Number of protein chains: 2
Amino acid sequence: MSRTEEQGGVPATGSLAHRVPDLGGLELLLAVARLGSLGGAARELGITQPAASSRIRSMERQLGVALVDRSPRGSRLTDAGALVTDWARRIVEAAEAFDVGAQALRDRRDSRLRVAASMTIAEYLLPGWLLALRAQRPDTAVSLHAGNSTVVAERLLSDEADVGFVEGLTVPTGLDSVVIAHDRLIVVTAPAHPWARRRRSLAAEELASTPLILREKGSGTRQVLDAALGGLARPLIELSSTTAVKAAAVSGAGPAVLSELAVGEELAMRRLVRVPVDGVALARDLRAVWPTGHRPTGPARDLLSLTRG
Amino acid sequence: MSRTEEQGGVPATGSLAHRVPDLGGLELLLAVARLGSLGGAARELGITQPAASSRIRSMERQLGVALVDRSPRGSRLTDAGALVTDWARRIVEAAEAFDVGAQALRDRRDSRLRVAASMTIAEYLLPGWLLALRAQRPDTAVSLHAGNSTVVAERLLSDEADVGFVEGLTVPTGLDSVVIAHDRLIVVTAPAHPWARRRRSLAAEELASTPLILREKGSGTRQVLDAALGGLARPLIELSSTTAVKAAAVSGAGPAVLSELAVGEELAMRRLVRVPVDGVALARDLRAVWPTGHRPTGPARDLLSLTRG
DNA sequence: CCTGCTCATAAACCCAGCTTATGTCGCCAT
DNA sequence: ATGGCGACATAAGCTGGGTTTATGAGCAGG
């Protein structure tokens with residue numbers, strides 16, 4: 001009780017890392033949940049049984065909640081433990097996505113499968129695909145380069161990438177493509193915003209006449225919106241990253257227009273609410289692209305088949 | 001290069017924790033991204049500048065990617081760094097949800113606001129709400145107890161909880177309620193499943209005649225489904241947790257029926273695909289409940305206003 | 001009653017990350 | 001120019017959490 005104020009019901013602004021167990025601990029907890037045994041989980045993670053025991057114990061101390069019921073015949077999760085484990089799983093899944101993304105980012109030149117993708121796709125979709133690809137072809141080393149449509153096209157045409165993904169309205173010349181998914185711009189607000197309570201869809205002119213939180217002019221998202229509204233979109237603020245737009249919307253600054261890919265989590269957690277809109281074409285195609293004639297083969301083909309679903 | 005095989009393009013089955021920076025590091029990275037300075041980020045996290053410098057450096061070594069551009073006038077993220085930071089943000093957000101949930105779970109008896117909630121709501125929705133509540137009323141200590149509708153009702157009636165949340169088809173007697181959200185059971189498959197390519201909605205009888213991955217009989221989810229289909233649901237497998245059902249569906253075992261709350265992330269990451277269904281009433285209300293007459297006041301009322309959006 | 005599984009405890013060790021102290025570089029105002 | 005200031009880097013020493021090995025103790029089943 002010497003340091004700051006980790007105690008009591010006070011919010012304790014002290015960093016998360018002091019109040020949330022580290023990834024190793026969370027993985028261990030998941031393993032215990034799955035295997036029903038501390039020792040088994042320890043074996044799976046390549047540590048010893050006392051290490052696992054002590055780690056779990058220290059997590060329980062840190063959280064102030066009993067997580068597992070120990071018995072001489074195994075360990076089962078507490079009710080609270082089950083809940084905590086589910087929350088932990090979300091962290092670990094995010095970490096897995098991070099991992100495959102980072103791994104792809106690292107392997108520079110000579111990887112077996114070189115992917116070039118637009119920012120949005122690289123950020124939100126690719127980690128999931130790579131996770132699936134790894135399940136199917138564990139030995140494939142993937143490298144990833146992120147950039148806008150032009151950059152993707154350049155890398156493909158100069159043979160620095162085997163397959164690309166773009167999200168624009170048009171396909172760069174010299175490339176063949178196939179639509180792999182449909183993205184949509186959607187209007188979102190904080191749950192407290194009046195629009196969140198609407199039952200009827202928003203009309204196009206209503207959207208066009210309301211100041212919105214938007215990406216800066218020139219961004220892909222903004223281009224699509226302006227095209228759909230006939231260039232009428234009225235900015236409340238213009239921000240230069242998807243993240244900043246989300247943050248502003250969540251904090252209640254106003255309605256925002258964003259790719260549905262970017263707000264899946266926020267919608268699921270009800271931090272943002274989707275506002276239905278009528279009569280505006282906010283859909284855009286996500287496409288896999290490759291140099292004309294050079295149909296993807298091998299791992300690239302596998303990746304495509306995963307994405308087409 | 002002495003230990004195992006952290007090197008090369010090989011998948012390296014070694015635990016995540018060795019390949020993903022710890023939460024402290026990720027928080028630091030986010031702070032650097034936001035503040036544009038190592039020293040500033042260090043100050044915000046209450047550590048010294050050399051510590052921050054070294055930590056970031058070790059993350060770069062671990063990931064094999066340069067994350068920040070250092071200059072004598074500040075530090076800016078690399079392109080790769082921006083991407084990594086966005087992935088990191090998802091981990092940190094999951095950790096925040098974990099944190100508020102765990103905190104609520106810990107504070108047993110004498111907390112200011114005692115919440116009882118059904119498992120699904122406690123797992124997927126409450127962390128988000130509590131995060132919002134904390135932003136609005138930072139001093140409120142919240143405690144959480146999770147259980148089925150009956151348990152929630154008991155705790156409310158015995159004054160062990162100030163407000164409850166249930167997801168059943170009926171409201172337990174002795175309680176007043178208000179609908180705060182609508183949940184829906186949805187049919188999902190792995191992207192590779194034939195149903196994922198369907199353009200037309202599934203008919204009710206088609207759903208009823210296909211073996212599905214389901215929760216066990218007696219679970220809330222299963223009750224709703226059986227009621228909607230007239231007790232006809234045909235199980236391919238029956239599993240006893242939402243997580244297990246999700247895992248089976250993701251791995252391609254077949255179509256599954258799950259709460260849309262449970263699969264928000266999977267849908268966003270395209271690990272699962274939603275299959276539209278026609279003519280089946282799979283919606284169910286999520287309700288806030290309280291002892292008849294005792295309308296929530298104070299923090300409980302605030303929480304409700306957050307959830308109603 | 002012994003064998004085999006489980007988890008707990010104890011003592012020694014090791015390394016990641018921290019701090020303090022100092023150095024270097026570029027910009028800016030005097 | 002020149003001193004000052006802010007930002008990052010480097011070096012050396014300390015600390016603590018997590019690890020290992022070694023051992024003990026409870027409960028089941030042949």
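So you know, we letter chains A, B, ... as the sequences are listed, proteins then strands, and number each from 1. Fair warning: this is a prediction, and the values are worked out from it, not measured in the lab.
- R222(A) has no carboxylate O lying under 4.0 Å from a charged side-chain N of E216(A), or vice versa, which leaves the two without a salt bridge.
- Annotation for A256(B) and V245(B): closest pair CB-CG1, 3.7 Å, computed over non-hydrogen atoms.
- Taking CD of E160(A) as the reference point, atom CZ of R155(A) lies at 4.5 Å (rounded to 0.5 Å).
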Under the side chain to side chain contact (heavy atoms under 4.5 Å, CB included) criterion, do R89(A) and F98(B) qualify, and how do the steps go? CA-CA 10 Å; R89(A) 187 171 292 109; F98(B) 181 108; over 6 Å; no
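- L23(B) has its CG atom 16 Å from the C1' atom of dA16(C), to the nearest Å.
- The salt bridge (Lys or Arg N to Asp or Glu O under 4.0 Å) pairs that include a residue from residues 24-35 of chain B are R34(B)-E44(B), where partners are two or more places apart or lie in different chains.
- Distance CG (L28(B)) to P (dA16(C)): 18 Å, rounded to an integer number of Å.
- Expressed to the nearest 0.5 Å, how far CG of L130(A) lies from CZ of R134(A) amounts to 9.0 Å.
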Evaluation steps, side chain to side chain contact (heavy atoms under 4.5 Å, CB included), between I91(B) and V20(B): CA-CA 10 Å; I91(B) 302 182; V20(B) 177; 4.2 Å; yes
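- In this structure, CG on D86(B) lies 3.5 Å from CD on E123(A), to the nearest 0.5 angstrom.
- Side-chain N or O atoms of S259(B) include one that pairs as donor or acceptor with a backbone N or O of L261(B) at under 3.5 Å.
- Backbone-only engagement by D22(A) is indicated by non-hydrogen atom pairs under 4.0 Å involving sugar-phosphate atoms exclusively.
- For residues 48-65 of chain A, the pairs satisfying salt bridge (Lys or Arg N to Asp or Glu O under 4.0 Å) are D22(A)-R55(A), E60(A)-R70(A), with sequence neighbours left out.
- Spacing between atom CD1 of I47(B) and atom C1' of dT19(C) amounts to 11 Å, rounded to whole angstrom units.
- For the pair Q62(B) CD and dC15(C) C1', the interatomic distance rounds to 15 Å; values are reported in whole Å.
- Within residues 50-60 of chain A, the residues that have a heavy atom under 4.0 Å from DNA chain D are, in order of number, P50(A), A51(A), S54(A), R55(A), S58(A).
- Looking at residues 81-96 of chain A, you'll see that no heavy atom sits under 4.0 Å from any atom of DNA chain C.
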Would you tabulate the pairs of protein nitrogen or oxygen atoms and nucleotide nitrogen or oxygen atoms of nucleotides 3-7 of chain D closer than 3.5 angstrom?
| unit_1 | atom_1 | unit_2 | atom_2 | d |
| --- | --- | --- | --- | --- |
| dA7(D) | O4' | P72(B) | O | 3.2 |

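- W87(A) is linked by a ring pair (Phe, Tyr, Trp, His ring centres under 6.0 Å) to nothing, counting only residues two or more places apart in sequence or in another chain.
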